[in-house]
Amino acid sequence: MECCTLTDWSQFKLDCEPPNGQSVVVALSGGIDSAVAACLLKQQGYAVIGVMLKFWSEAALDSDSPADNRCCTESAVDDARSLCHALNVPFYLINSEEPFLEKVVQPFVASYLNSTTPSPCLRCNALVRFPKLLQVKEALQADFLASGHYVRLEMHDYCIHMLRAVDTSKDQSYMLYGLNQAQLKSILFPLGTWKKADVRHWASEHGVPISRKPDSQELCFISDGDYRRFLQRQTGNQTSSGPIKHVDGTVLGKHEGLWNYTIGQRRGLGVASGEALFVVGKYLDSNTLVLGPDGPSPVTSCRLTDINWIGGSPPDGSEQLMACARYHGRMFEVSVAGDMVQFGQPVALVVPGQGMVIYRGDDCLGGGVIAETYSSGS
RNA sequence: UGCCUGGUCGUUCAACGGCAGGACAACGGACUUUGACUCCGUUAAUCGUGGUUCGAAUCCACGCCGGGCAA
C-alpha cells in the first residue's frame, strides 16, 4: 500500500501559538489512530513531540519475507517519522527492547510452560509501554503524554476516572486497566470521544497518509505470528508429547506439548470424533490434555493477582458491578471482595492467566490477572 | 480356510436402483493490540474385478481387508 504524498500536510502548519506553551509527548505506533491523535493535539495548539517505542521482536525467520506482523517494523517507524516530519515536530525512537523482553516475552513463555494462558498486551501496557513513555515524557520535560487509545478520562471527586470509549466497538479500557492516578494525571487520550469511522474520515479529509500498518495485530513480537512455533523455538524444539483424552476416558490421540492448547480451545486440536470438542482440562502432572463436547465447565468465581484499582482503592464488596474477562468480551455481573470476584451467573471461558477488568457502567475501575477459577460449590 | 456380518471424504454417519449429503477434522478468510470463542468459505470419498440394468454406493458373483460366531 502506497503512502500518499506529504505535501498536503502544509495545512497543518498552525497559525496559533500553543496555549500556555504546553507540550505533549505523543506515543506513535505508525498507525492511523496515533497519527490522528498527534494531528489533533497539534491543531489544538500543543507543542507535539513524537515518540515511538521499539520493543523486542524475534528476528525474521526468512530474510526473503520479513515479518510484517510486528508492531515496530521499519515501515511503521518510517510512517511515524514521516508524520512528524510533515507536522514539523521532533521524533524520537526509544529502544525498549530490554524491558519488553524481560517483562513481557519471558513471562509469556514461562506462563505457557506453566500451563496458564498469558496476556502479554496487558503486561506490556502496564509494565513497559506506559512507564517507559512517562519516563520519556519526564526526560523531555513535557507537560503531557498522549496516545491514540480509545478511552476517556474524567475527573470527579478529586479522582481521575477512566471511562469506556464513546465508540464501544473500539474501546480499549480493558487493555489499560493497569494505569494509576499518578500516571493518568498527565495522560491525554484525544480519541476517546471519537468514532473509529470518524477518525478514518478525518484522516482522509486532512490528507493523513494511509498507514501501511494493518489495523489489527496479533502477537507483535513473534516473527511468523504463530505462538506455538515460537514456543517451540524458544524451548529448543523440545516436545513433551502426552495423551489426549475424552472426558469419558477414551484416548483420542497424542499431543505435542500442553502449551499448544488453552482452556476452551476448539480448533487446531487435530482430533475428529464426529462432534465438536473443546479443551476442558490441562493436567501438568500426567501431561494429559482432556477434551469434552460441552466445553469447560462454567466458572462462578475467581481469584485475581496483580490487581490494580485505578482510583486507588478497591470497590465496595456489596456493590453489583460488571466484569469482562476478554478484550471486547461480553460483560457479566460480579461483586468484588478483596482478591475474590464472585459472578452473578456462571460464565464460560474464564481462563487463568487472562485479565479480568471491572466496570461500574462505563467507568473502568481496574482489574487483575485471573489466578484461579472456581466452579460453584468450591 | 465350508457360518454370520461389515467395507462411503482424513474420521464418523447418511443416501427407495435415479444429482453421493451432513457432522467433526484440515485449510483459507473475517473478527482481534493476548491465547481463545464466534462467523463465513474451500478442499476431500463409494475396497478391487466382473456381471444384471436405460441407470449400481445400493442387486449378483468372485477376490481383498476388518469384525464376530463356530471344537
Side-chain angles (χ1 to χ4, degrees), chain A residues 27-34 53 55 57 69-73 76 100 103-105 107-130 147-151 165 169-178 191 196 211 213-222 225-231 244 246 250 252-253 258-280 282 291-296 298-299 324-330 347-357 367 369-370 373:
Chain A
L28 298 174
S29 69
I32 186 172
D33 292 330
S34 57
L53 299 183
F55 295 137
S57 64
N69 192 34
R70 296 174 294 163
C71 49
C72 335
T73 56
F100 188 83
K103 293 185 168 149
V104 178
V105 180
F108 173 86
V109 175
S111 173
Y112 268 114
L113 295 184
N114 193 34
S115 196
T116 59
T117 306
S119 298
C121 295
L122 292 177
R123 289 184 66 86
C124 174
N125 282 325
L127 302 176
V128 182
R129 175 180 274 129
F130 280 91
S147 84
H149 286 97
Y150 286 80
V151 293
S169 70
K170 299 305 289 184
D171 171 58
Q172 290 177 304
S173 57
Y174 178 91
M175 288 295 176
L176 302 180
Y177 84 85
L191 299 188
K196 178 74 179 195
S211 170
K213 186 165 158 276
D215 209 31
S216 64
Q217 253 188 163
E218 319 238 319
L219 284 161
C220 69
F221 53 90
I222 296 177
D226 186 322
Y227 86 92
R228 297 175 175 93
R229 288 201 289 263
F230 175 75
L231 289 169
I244 301 178
H246 194 279
T250 323
L252 297 171
L258 287 178
W259 58 73
N260 292 302
Y261 308 93
T262 191
I263 298 292
Q265 179 175 337
R266 171 183 174 180
R267 305 193 69 85
L269 303 178
V271 298
S273 75
E275 60 182 351
L277 291 174
F278 302 84
V279 174
V280 300
K282 297 163 71 175
L291 310 183
D294 301 319
V299 169
C324 184
R326 159 73 193 172
Y327 184 56
H328 289 164
R330 186 171 302 233
V347 179
L349 300 177
V350 178
V351 180
Q354 296 290 287
M356 174 167 290
V357 179
V369 174
I370 299 163
T373 59

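A, B, ... follow the sequence lines: proteins, then strands. Residue 1 opens every chain.
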Euclidean distance, atom [atom1] of residue [X] to atom [atom2] of [N] [Å, nearest integer]:
X        : N     : atom1 : atom2 : value
A:Glu218 : B:U33 : CD    : P     : 11 Å
A:Arg326 : B:U33 : CZ    : C1'   : 10 Å
A:Gln354 : B:G35 : CD    : P     : 9 Å
A:Met175 : B:U33 : CE    : P     : 7 Å
A:Ile222 : B:U33 : CD1   : P     : 17 Å

Look through every strand shown and name the nucleotide pairing with [N] as Watson-Crick or G-U wobble, where both distances are under 3.5 Å.
N     : value
B:C69 : none
B:C37 : none
B:C16 : none
B:U42 : B:A26
B:U1  : none
B:C59 : B:G51
B:U8  : none

Exercise for the section: Answer yes if the ring centres of A:Phe221 and A:Phe55 are under 6.0 angstrom apart, and no otherwise. Expected result: no
Handout entry: Span that lies between the P atom of B:U43 and that of B:A20, in whole angstrom
Key = 16 Å
With a non-hydrogen cut-off below 4.0 angstrom, is [X] in contact with a base, only sugar-phosphate, or nothing?
X        : result
A:Tyr174 : base
A:His328 : sugar-phosphate
A:Tyr261 : nothing

Practice task
Could you go through the side-chain contact (heavy atoms from CB on, under 4.5 Å) check for A:Ile263 and A:Phe278 one step at a time?
Solution key: CA-CA 8 Å; A:Ile263 298 292; A:Phe278 302 84; over 6 Å; no
Problem - A:Asp33/A:Lys196 ion pair, N-O < 4.0 Å - result: yes
Practice task
With the side chain counted from C-beta on, respond yes when A:Leu53 and A:Arg129 share a heavy-atom pair under 4.5 Å apart, and no when they do not.
Solution key: yes
Exercise for the section: Measure the shortest side-chain to side-chain distance between A:Thr262 and A:Val279 over non-hydrogen atoms and say whether it is less than 4.5 angstrom. Expected result: no
Practice task
Ignoring backbone atoms, test whether A:Tyr227 places a side-chain nitrogen or oxygen under 4.0 Å from the OP1 or OP2 oxygen of B:U34.
Solution key: no
Problem - N or O in side chain of A:Arg228 less than 4.0 angstrom from B:A36 OP1/OP2 - result: yes
Handout entry: nucleotides 22-27 of chain B: protein proximity per nucleotide (B base, S sugar-phosphate only, - neither; heavy atom, under 4.0 Å)
Key = -SBSSB
Exercise for the section: Could you list the residues that satisfy side chain to side chain donor-acceptor pair (under 3.5 Å) with A:His328, not counting sequence neighbours? Expected result: none
Problem - First of A:Leu122 and A:Leu349 reached from the 5' end of RNA chain B, by closest nucleotide - result: A:Leu122
Completion exercise
Rounded to the nearest 0.5 angstrom, the SG-CD distance for A:Cys121 and A:Glu218 is 10.5 Å
Practice task
For B:C37, measure the glycosidic angle (O4'-C1'-N9-C4 for a purine, O4'-C1'-N1-C2 for a pyrimidine) and name it syn if it falls within 90° of 0, otherwise anti.
Solution key: syn
Handout entry: base_contact_polar (B:U34 base, A:Arg123 side chain, donor-acceptor, <3.5 Å)
Key = no
Practice task
Going by the side-chain contact (heavy atoms from CB on, under 4.5 Å) test, name the single residue among A:Pro118, A:Ser111, A:Pro107 that passes it with A:Arg123.
Solution key: A:Pro107
